[in-house]
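Working notes, beginning with the structure itself.
A, B, ... follow the sequence lines: proteins, then strands. Residue 1 opens every chain. What's counted below: heavy atoms across the whole structure, side chains too, no hydrogens, waters or symmetry copies.
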Amino acid sequence: MIMSAKVDTSLPLEYQTEQDRMNILGFWVFLGAEIVLFATLFGVYGVLYERFAGGPTHKDIFVIKDVMIQTVLLLTSSFTMGIAIFEMRRHNLKGLITWLVITLALGAGFLFMEINEFIHYAHEGATMQTSAFLSSLFVLLGTHGAHVTLGIGWATMVIIQLLKRGLTPTTARKTFIIGLYWHFLDVVWIFIFTFVYLKGLVA
Amino acid sequence: MEHHQSKSFPISHVIGFVVSLALTFAAAGIALKTNLSFKVIMWIIGSLAVVQAGMQLFMFMHLREGEDGKTNLVNMIYAVFMVIVIVVGSIWVLTSGHAAH
C-alpha cells in the first residue's frame, strides 16, 4: 500500500503509481499468453486448411470485398483507439470518450460484417460440421470475434466509469489497458487477413 | 497535472494508420492480382503482415514505453518465438512425410 501511494506526477496518469504500472505490465504478460492461444488456432488451421471433405473450398465461400471492408473497419478502429489514448494524455476527457465511442461503433460494424459472413457461409452449406477446414476456420474466426464482442462490453463499462469518475490514475490505467487489448485484436486480424483470406484466395 | 501536455497532433498515429492501410492493400494486390508463385506470394504478404503488426506494437501500443519497456519487448519476442514453434512446428510435424505414404 505504501508503494502504491507513491505518485510520480511527471509520468502520464496511467503510469503514476506502482500498482498501475504493475497492472499494465501484467496485462502485457496476459497478451503474451493470448498470442500463444491464437498461435495454437493458427497452427490447427495451417494443418487442416485444405481438408475440404468434399465440402466448399476457400474460393467457394470467401468474398474479398467483404473481407476488405472488415479489415478497414478494424484497422480504423485500432487507429481511433490510438487517438483516444492520445487525447487521454492531453487530459481531454471529452475527446477521449468521443474517440472511444467511435472506436466501438467501428468495432460493432466489424462484428455486424462478421456475423453476416457466417450466415452467408451457412447458406452456402459451409458450417462447422462440414469439414476439418471449416471447423478450424470457424474456431479461429469465432475466437477472434468473441474477443471483439468482449472488448466492446468491456470498453463500454470503462466509458461508464470515465463518465462517473472522470480521469484519475485508476480510470486512465483501465482505459490504457482496454486500448492495448483493442490494438491486440487488430494485430491478430492482420494475420487472419493474410494467412486465412489472402492465402485462400491466391490464384 | 498540466505537464507532459504533448503535441496537439498525433502524427505517429496518422503515419502508422496510413502505412498500415498501404500495407493491407499492397498485400491484397500482390495476393490477388499477380502471377507470382504461391510460395513467393506467401513470403511477401507474410513479411508485410509482420511489418504491420510491428507498427501496431510500436506506434499504437507504445510497447517500449515506461520503466517496463524492456520487459515488454522481451515478453513479445518470447511470444513470437512461441508462435513460430507452435505454428511452424505443428504444420511441419503434421504434414511432412505425407507425400511418402
Side-chain angles (χ1 to χ4, degrees), chain A residues 9-15 21-22 24-25 28-29 31-36 38-40 42-48 50 64 67-68 71-72 75-76 78-83 85-87 89-91 167 176 179-180 182-184 186-188 190-191 193-195 197-199 201-203, chain B residues 1-10 12-14 16-17 20-21 23-25 27-28 30-36 38 41-42 45-46 48-50 52-53 56-57 59-63 65-68 71-72 75-76 78-80 82-91 93-95:
Chain A
T9 53
S10 70
L11 296 169
L13 270 178
E14 65 274 19
Y15 286 112
R21 285 197 291 275
M22 281 165 57
I24 291 169
L25 173 63
W28 274 103
V29 175
L31 286 185
E34 286 273 272
I35 288 172
V36 172
F38 277 100
T40 63
F42 275 103
V44 170
Y45 181 79
V47 170
L48 300 175
E50 280 180 312
I64 187 63
V67 173
M68 294 308 289
T71 304
V72 171
L75 180 59
T76 308
S78 185
F79 168 67
T80 58
M81 182 57 98
I83 303 299
I85 302 301
F86 178 84
E87 291 298 337
R89 294 208 165 153
R90 297 171 71 210
H91 302 282
L167 264 181
F176 187 75
L180 288 180
W182 198 266
H183 294 308
F184 166 74
D186 188 53
V187 172
V188 174
I190 295 166
F191 291 97
F193 173 69
T194 304
F195 291 103
Y197 292 108
L198 291 186
K199 184 183 183 186
L201 290 170
V202 170
Chain B
M1 293 286 180
E2 287 310 306
H3 17 259
H4 54 85
Q5 191 81 332
S6 39
K7 305 150 287 174
S8 59
F9 187 74
S12 76
H13 287 94
V14 173
F17 180 52
S20 294
L21 276 177
L23 289 169
T24 298
F25 282 96
I30 291 164
L32 306 173
K33 306 275 183 214
T34 67
N35 291 318
L36 299 166
F38 179 75
I41 286 177
M42 287 318 296
I45 66 177
L48 294 180
V50 170
Q52 200 183 329
Q56 293 270 333
L57 282 172
M59 301 184 92
F60 288 179
M61 295 171 81
H62 316 274
L63 173 72
E65 178 183 83
E67 62 180 28
D68 297 314
T71 315
N72 287 343
N75 179 30
M76 282 302 116
Y78 181 61
V80 170
M82 291 301 291
V83 169
I84 294 168
V85 170
I86 293 169
V87 176
V88 180
S90 300
I91 294 172
V93 166
L94 290 166
T95 60

Could you walk me through whether A:Val72 and B:Phe25 pass side chain to side chain contact (heavy atoms under 4.5 Å, CB included), step by step? CA-CA 10 Å; A:Val72 171; B:Phe25 282 96; 4.0 Å; yes

To check you understand the geometry: which heavy-atom pair defines the closest contact between [X] and [Y], and what is its length?
X: B:Met42; Y: A:Thr194; answer: CE-O, 4.4 Å
X: A:Ile83; Y: B:Pro10; answer: CD1-CG, 3.4 Å
X: B:Ala53; Y: A:Val187; answer: CB-CG1, 3.9 Å
X: A:Leu75; Y: B:Ser20; answer: CD1-CB, 3.6 Å

Relative to chain A, which segment of [X] carries a heavy atom at a distance below 4.5 Å: side chain, backbone, both, or neither?
X: B:Met76; value: side chain
X: B:Val14; value: both
X: B:Val85; value: neither
X: B:Leu63; value: both
X: B:Thr71; value: side chain
X: B:Glu67; value: side chain

Please state whether the side chain, the backbone, both or neither of [X] comes within less than 4.5 Å of a heavy atom of chain B.
X: A:Ile64; result: side chain
X: A:Met81; result: neither
X: A:Thr40; result: both

Show, in sequence, the C-alpha distance, side-chain angles and deciding distance for B:Phe38 and A:Lys199, and conclude whether the side chain to side chain contact (heavy atoms under 4.5 Å, CB included) test is met. CA-CA 8 Å; B:Phe38 179 75; A:Lys199 184 183 183 186; 3.8 Å; yes

Applying ring pair (Phe, Tyr, Trp, His ring centres under 6.0 Å), can you list everything that pairs with A:Tyr15, at least two apart in sequence or on another chain?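 A:Tyr15 satisfies ring pair (Phe, Tyr, Trp, His ring centres under 6.0 Å) with A:Phe176 once adjacent residues are dropped.
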
By ring pair (Phe, Tyr, Trp, His ring centres under 6.0 Å) - contacts of A:Phe193 (at least two apart):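 Counting only residues at least two positions away or on another chain, A:Phe193 forms no ring pair (Phe, Tyr, Trp, His ring centres under 6.0 Å).
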
Using a 4.5 Å cut-off on heavy atoms from C-beta on, say whether the side chain of B:Tyr78 contacts that of A:Ile35.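 No. Closest side-chain heavy atoms not under 4.5 Å.
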
With the side chain counted from C-beta on, respond yes when B:Asp68 and A:Met22 share a heavy-atom pair under 4.5 Å apart, and no when they do not.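 When only atoms from C-beta onward are counted, A:Met22 and B:Asp68 do not touch, as no gap falls below 4.5 Å.
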
Please report the C-alpha distance between B:His62 and A:Leu180 in whole Å, then the side-chain angles of each, then the deciding distance to 0.1 Å, and finally whether the side chain to side chain contact (heavy atoms under 4.5 Å, CB included) criterion is met. CA-CA 9 Å; B:His62 316 274; A:Leu180 288 180; 6.0 Å; no

Pick from B:Ile30, B:Leu48, B:Val88, B:Asn72: which one has the most heavy-atom pairs with chain A under 4.5 Å?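 When all of B:Ile30, B:Leu48, B:Val88, B:Asn72 are compared, B:Asn72 has the most.
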
Top contributor to chain A contacts, counting heavy-atom pairs under 4.5 Å, from B:Gly89, B:Ala27, B:Ala49: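 Winner by heavy-atom pair count: B:Ala49.
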
Let me confirm one number: the [atom1]-[atom2] distance from [X] to [Y], rounded to the nearest 0.5 Å.
X: A:Phe191; Y: B:Gln52; atom1: CZ; atom2: CD; value: 9.0 Å
X: B:Ile91; Y: A:Phe42; atom1: CD1; atom2: CZ; value: 10.5 Å
X: B:Leu21; Y: A:Thr76; atom1: CG; atom2: OG1; value: 6.0 Å

Residue from A:Ile85, A:Leu31, A:Asp186 passing side-chain contact (heavy atoms from CB on, under 4.5 Å) with B:Met61: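 Exactly one candidate clears the test, A:Leu31.
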
Classify the ring geometry between A:Phe86 and B:His13 as parallel (under 30°), tilted (30 to 60°) or perpendicular (over 60°).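 Answer is perpendicular, since the angle exceeds 60°.
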
